[in-house]
Structure formats: C-alpha cells, structure tokens
Amino acid sequence: MMTAKPLISKSIATWLIASHLGFTSANLLAAVTIPPLTMSGHLGAANTATTQNKVTAQEQLTKKNRAGKNTAKPAALMIDKQVNQANQAIETSSITSQPNDKQQTLLDIYHQALAHDPTLASALSANKAAQEIIEQGKALYLPTVNFNASANTTQSHIRYLNSKTPPGSSGYENYRADIEARQPIYRKQNLVQIEQTYTQVSLANKQYHLSQQDLILRTTQAYFDVLIAQDKVDLIRAQNIAIISQLEQAKATFEVGTSTITDVNEAQARYDLIVAQEIAAVNEYEIAKHSVEAITGDLPTKLATVKPNVQINHLSQNMQDWQLVGRQNNLNIQIQQDNLRLAEQEVRRAEAGHLPTLDAVANMSNSYSNGSASVFSTGNDLRSATIGVELQIPLYAGGLITSKARQAVLNKQKALDDIDIAQRKVDLETQRAYLNLSSSIAQIKALEQALISAKSQLDSSKLGFEVGVRTTVDVLNSQQQYFSAKRDLLQARYSYLVNIIRLKAASGMVSEPDLDDINQQLVIAGNAK
C-alpha cells in the first residue's frame, strides 16, 4: 500500500477519511477548514500533528475496510462536491487577492513607469543634453574675444673677451597684455555645421518620443505577463486539488479492493508532476512581477483583470493600409531619415574644407620693459591697436580633406541603406502585429465556443457520474479540461489587448489614450459590472 505524501491537501484528505469513519456533516465542518492558497507556502503543506492524526485515521480506515464495509462511493461523492467548491473559489479569486490590497490598473502602472523607469529617464537626460547643440552651433558664427597677458623678469651677466672692459650684470622686467576679437565673415563649414545642429536636435526628439512609445509597449507587455502567470498558477492549483482528490479516491477504492495499484500509481505520478509544474508556475509569476518592478520601481500588488465580456473590435483596414501608415509615421524610419539628412550635410561640410575662410580681426596690445639684453637698447613702453580682415586659403593638407569627403559620401550611402532596412523591418513588424491581432480575434471566438463545449462536457460527466456510467476521474478530467479552456481564453484576450498596442506601435501611432482604451476593458474596483 502506498502512503500519502505530506504535500497532499489536509482538507481533502481529512474529508475523505472522516467520511469513511462516519463523521456527521456538522462535526466535519467544525473540524475541517480549507487552508488559504498563499504564495509563501506550498499548496496543501500539512504540519506534523496533522500528518500523525491522518495516519491514525488511515489505520482505522484500513480496519474498517477489512471488516467489509465499503464506503468508497459516498466518499467519491463528497470529494466531487468539495472539489467543485474549491474550483469555484479559485475561479472567482486571484492568487494575489487580499482584502486590503490596492487594485492597480494598466494606467496606474504606466504612470508609475513614467516617473520611475530608468530607461525613459536616461532618454530624457540625453534629449535635454542634445538641446544644447543648437547653442553650440550658433556660437560658431558669433565673435570670439581672447585676452592674453604675461609678466617676466630677466637677469643677465656679461664678460668681455680680449678687452679691458670690466664684466657687468643687469636685470629688467617685461609686461605684456593683448586682447583680440575675431568675427567670422565667411566659413562654409560653420554654416553647414549650424544646419547639422538642428538635424541632431530633431533626431534626439524623435529618439525620446520613441522611448516613450517603447515604454507604453513594455508596460503593457509586463502587465499582462503578470496576469497570464497569475492565471497559470490558479489553474495549476485547481488541477492540484482535482488530482489530490483523484489520488485519495484511488487509494480508498484500492483499500476496499475495487481498483488496482495501477490506478494509485498513475494518480501519484500525476500529482508529483503537477507539484513540479506549480513550482515552475509560481517562479514564473514572481519573475513577471519583478519585470514590472524593473519598470515602476515597486512590486505590483493586485492588478485589475480583464472583463469577461471584453469588447472585440474587428480590423477595418487591411494589412497594406497599416503598412503605409507605418512607413509614414514610424519613428524608426524617421530617425533613419534624419540620419540621412545629417550624412548629406556632413558631405557638404567635408567638401567645404577646400574653400577659403574670411574673418574680421581686431587687436589691441600693451607692452612695457624697463631694460633689454642688448647694451645698445633701453627700456620701452609700447601700445598698439590693429583692425583688419584675415583671409585663409587651404592649398594642400596631405589629402586629409579629400579623404574626409570620400568618407562622408560612403556614410551617406550607408544612411540610405539603413532607411531601406528600417522600412523593411517596420513592414515586417506591422505584418506580424496585424496577423497576431487577427489571430487573437479568431482565437477568442473559437475559445469561447470551446469553453461552452467544455462546460457542457463537464455537466454531462457529472450527470453520468450520478447515474453510474462515469467515474470520479471522468468528472475531474472534464473539470481540468474546462479550466484549461478558460485559461486559454483568458490568454487569448490578453494577447488581443497587447497586440493592439503592438500594431499601433509598429505604425508609430501608439499613445497614452490607447492605454486608456484598454483600461476600459479591465475590471476596476467599484466599476465592475
């Protein structure tokens, strides 16, 4: 005989044993409570005292079965009732539902992300830094003024050769101050570079707006990833309850000789597998919550789920229309177009290196010296001022200017290729999002019908069990199929809402009002109908 593992649900096991030992319904309800399903503990974990009481009850059950009192059928009926109640409880509640939890909607999560997402904050800082480029460009054609000053002292010693003149020493100081003003009159490179600064700012603005759109998509995906993981855990826990009851029923019928050990082993194997699946599902749920935390800075509490009667809007435009919109509005294409404009301007700037430059120059200087190294010179105090123009004509720079011009032309060709890459990528993303959205709409319709069929099958299995043509296992399998169909339908609804954002993001039209539209499809506390 195989003994039950400690992980088997205390409530189900106690109910089964108590029904075999003849407990009344009132006594049973007073003695048995259903433990809450929490994230901190494993489903159905029993303490040592409960396990000891369970073993004692099983010994009494074995003695009673050996006396020829077969009560497997009433036990199976009681289990079916208990499993139905447990499944209904799971169906109407979430694993994160707590009485005092503050419900968070998609817009709530997005507003938190706007304030705390480091990726968006980095993009904003980069955008603010790029705005300074315009001022730097303007400075290229504004006058520059430089002031230079110097002061030094000189000590000298002289000895005359082949002369009776005695050696001598002298010392003197020099002071000098200059101020120069230069105003560019014609510099082609500077004019082109000023144009480049406006292109660079335009590029930075588009990159920041793209980061905002990306945040909308990341937030939506992370939000519904949590809901998907949450539903998966709920489903596995419902399956766990069903399999536990099946395992206990198999053991009970094996004890009275109406089933084989194969039934027990099969139920035990399914239970062990579902335990492993629950561990993986809970881990996936925790990872999904931390993905939201990476965006908002806080772990989500209780997220609003999707309404059961979510409104499905069919696509009124075809794929080609969406692709055309994407080519016109997608920011990735516009960024590459700005890069092309920047490359064209760089070609002009490089070629301008062959052109002359003309500046207006004004200079004023003042120098004073109280001596000189020459014995024939005395000190002086000189003041001068000059004003004029300065022309520079580059004649030869070792091929540097020509090489930079060739490099700029090749970079322009690269920018053209990058535009083609971006357009094809946008076309592909738009096609993928369009087809996924169309598939989600079709799946929702099909899964709604599948859910109705699964419910009918469950009702038929229960009716067959009552008349003796179906077993408890058949009922539990039907329940499991019903929950699987419901899970698939929920996931299809989530995919539908996410794919709406993906399609609008691919077309470059996604914005916060789109999140508000999706928020209307959520069950919000106080507004649920």
Side-chain angles (χ1 to χ4, degrees), residues 7 9 35-45 83 86-98 101 103-104 106 109 218-246 269-295 299-308 310 436 439-440 443-444 446-448 450-451 454-455 458 476-499 518 521-523:
L7 291 175
S9 173
L37 303 178
T38 62
M39 297 295 297
S40 58
H42 198 281
L43 175 66
V83 172
N87 287 342
Q88 291 173 1
I90 292 177
E91 183 177 356
T92 57
S93 65
S94 167
I95 60 174
T96 57
S97 296
Q98 299 295 337
D101 280 345
Q103 191 181 48
Q104 294 176 293
L106 180 57
I109 297 296
R218 288 189 291 118
T219 302
T220 304
Q221 186 65 63
Y223 183 93
F224 286 106
D225 281 347
V226 173
L227 293 186
I228 290 174
Q230 175 179 301
D231 289 339
K232 187 174 181 180
V233 175
D234 288 343
L235 172 66
I236 290 179
R237 287 181 171 173
Q239 292 173 329
N240 203 336
I241 292 177
I243 293 174
I244 287 173
S245 64
Q246 181 180 344
R270 290 180 60 182
Y271 172 77
D272 294 337
L273 178 61
I274 205 68
V275 167
Q277 291 177 347
E278 182 181 1
I279 294 173
V282 170
N283 181 67
E284 182 180 340
Y285 173 71
E286 290 296 327
I287 291 175
K289 290 201 301 181
H290 285 293
S291 296
V292 174
E293 183 187 23
I295 300 175
L299 279 173
T301 54
K302 179 183 178 183
L303 299 183
T305 59
V306 177
K307 293 179 180 178
V310 58
N436 286 340
S439 176
S440 298
Q443 280 185 329
I444 290 175
L447 289 171
E448 286 176 345
L451 183 63
K455 185 64 171 62
L458 177 59
L476 296 178
N477 286 339
S478 298
Q479 280 185 323
Q480 179 177 345
Q481 185 173 351
Y482 171 74
F483 275 96
S484 297
K486 185 171 184 179
R487 177 203 60 189
D488 294 341
L489 177 58
L490 289 174
Q491 292 185 358
R493 288 171 177 167
Y494 301 154
S495 297
Y496 164 73
L497 297 175
V498 173
N499 286 329
I518 293 181
Q521 304 293 335
L522 302 179
V523 180

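One is the number of the first residue; the rest follow in order along the sequence.
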**Study point:** Test item: Val306 and Phe224 side chains (from C-beta on) under 4.5 Å apart, heavy atoms
**Key:** yes

**Study point:** Residue pair Ile295 / Ala222: nearest heavy atoms and the distance that separates them
**Key:** CD1-CB, 4.0 Å

Check your understanding: How close do Ala281 and Ile236 get, heavy atom to heavy atom, and via which atoms?
Key -> CB-CD1, 3.5 Å

Review point. At what distance, to the nearest 0.5 angstrom, does OG of Ser478 lie from NZ of Lys455?
Key: 11.0 Å

Point to revise | Test item: Gln104 side-chain N/O and Thr301 main-chain N/O as donor-acceptor pair under 3.5 Å | key: yes

**Study point:** Heavy-atom closest pair, residues Leu447 and Asp488
**Key:** CD1-O, 3.3 Å

Point to revise | Residue pair Leu299 / His290, side-chain heavy-atom distance below 4.5 Å | key: yes

**Study point:** Heavy-atom pair of closest approach, residues Asn436 and Asn499
**Key:** O-ND2, 3.4 Å

Review point. Would you say Asn283's side chain and Ile279's backbone share a donor-acceptor pair under 3.5 angstrom?
Key: no

Review point. Side-chain donor-acceptor pair under 3.5 Å between Asp234 and Gln230, yes or no?
Key: no

Exercise for review: Check whether any side-chain heavy atom of Leu303 sits under 4.5 Å from a side-chain heavy atom of Gln103, and report yes or no.
Suggested key: no

Practice item. Check whether any side-chain heavy atom of Tyr223 lies under 4.5 Å from a side-chain heavy atom of Val292, and answer yes or no. Key: no

Check your understanding: So how far is it from Gln443 CD to Ser495 OG, rounded to the nearest 0.5 Å?
Key -> 7.0 Å

Check your understanding: To the nearest 0.5 Å, what is the distance between OG (Ser439) and CD1 (Ile444)?
Key -> 10.0 Å

Review point. So do the side chains of Thr220 and Leu106 get within less than 4.5 Å of each other, counting heavy atoms only?
Key: yes

Point to revise | side-chain contact (heavy atoms from CB on, under 4.5 Å) evaluation trace for Gln521 with Leu497 | key: CA-CA 9 Å; Gln521 304 293 335; Leu497 297 175; 4.3 Å; yes

Point to revise | Tyr494 and Asp231: CA distance, side-chain angles, deciding distance, side chain to side chain donor-acceptor pair (under 3.5 Å) verdict | key: CA-CA 11 Å; Tyr494 301 154; Asp231 289 339; 2.7 Å; yes

Review point. Quick one: does Arg237's side chain get under 4.5 Å of Ile241's, heavy atoms only?
Key: no

Point to revise | Taking every non-hydrogen atom, the tightest pair across Leu227 and Ala304 | key: CD1-O, 3.7 Å

Point to revise | Heavy-atom check, side chain of Arg493 versus side chain of Glu448, under 4.5 Å | key: yes

Check your understanding: Testing Glu284, Gln491, Gln277 for side chain to side chain donor-acceptor pair (under 3.5 Å) with Lys232, which one passes?
Key -> Glu284

Practice item. Quick one: closest heavy-atom pair of Gln481 and Ala454, and the distance? Key: O-CB, 4.3 Å

Exercise for review: Supply the atom-to-atom distance Tyr271 OH to Ile244 CD1, rounded to the nearest 0.5 angstrom.
Suggested key: 5.0 Å

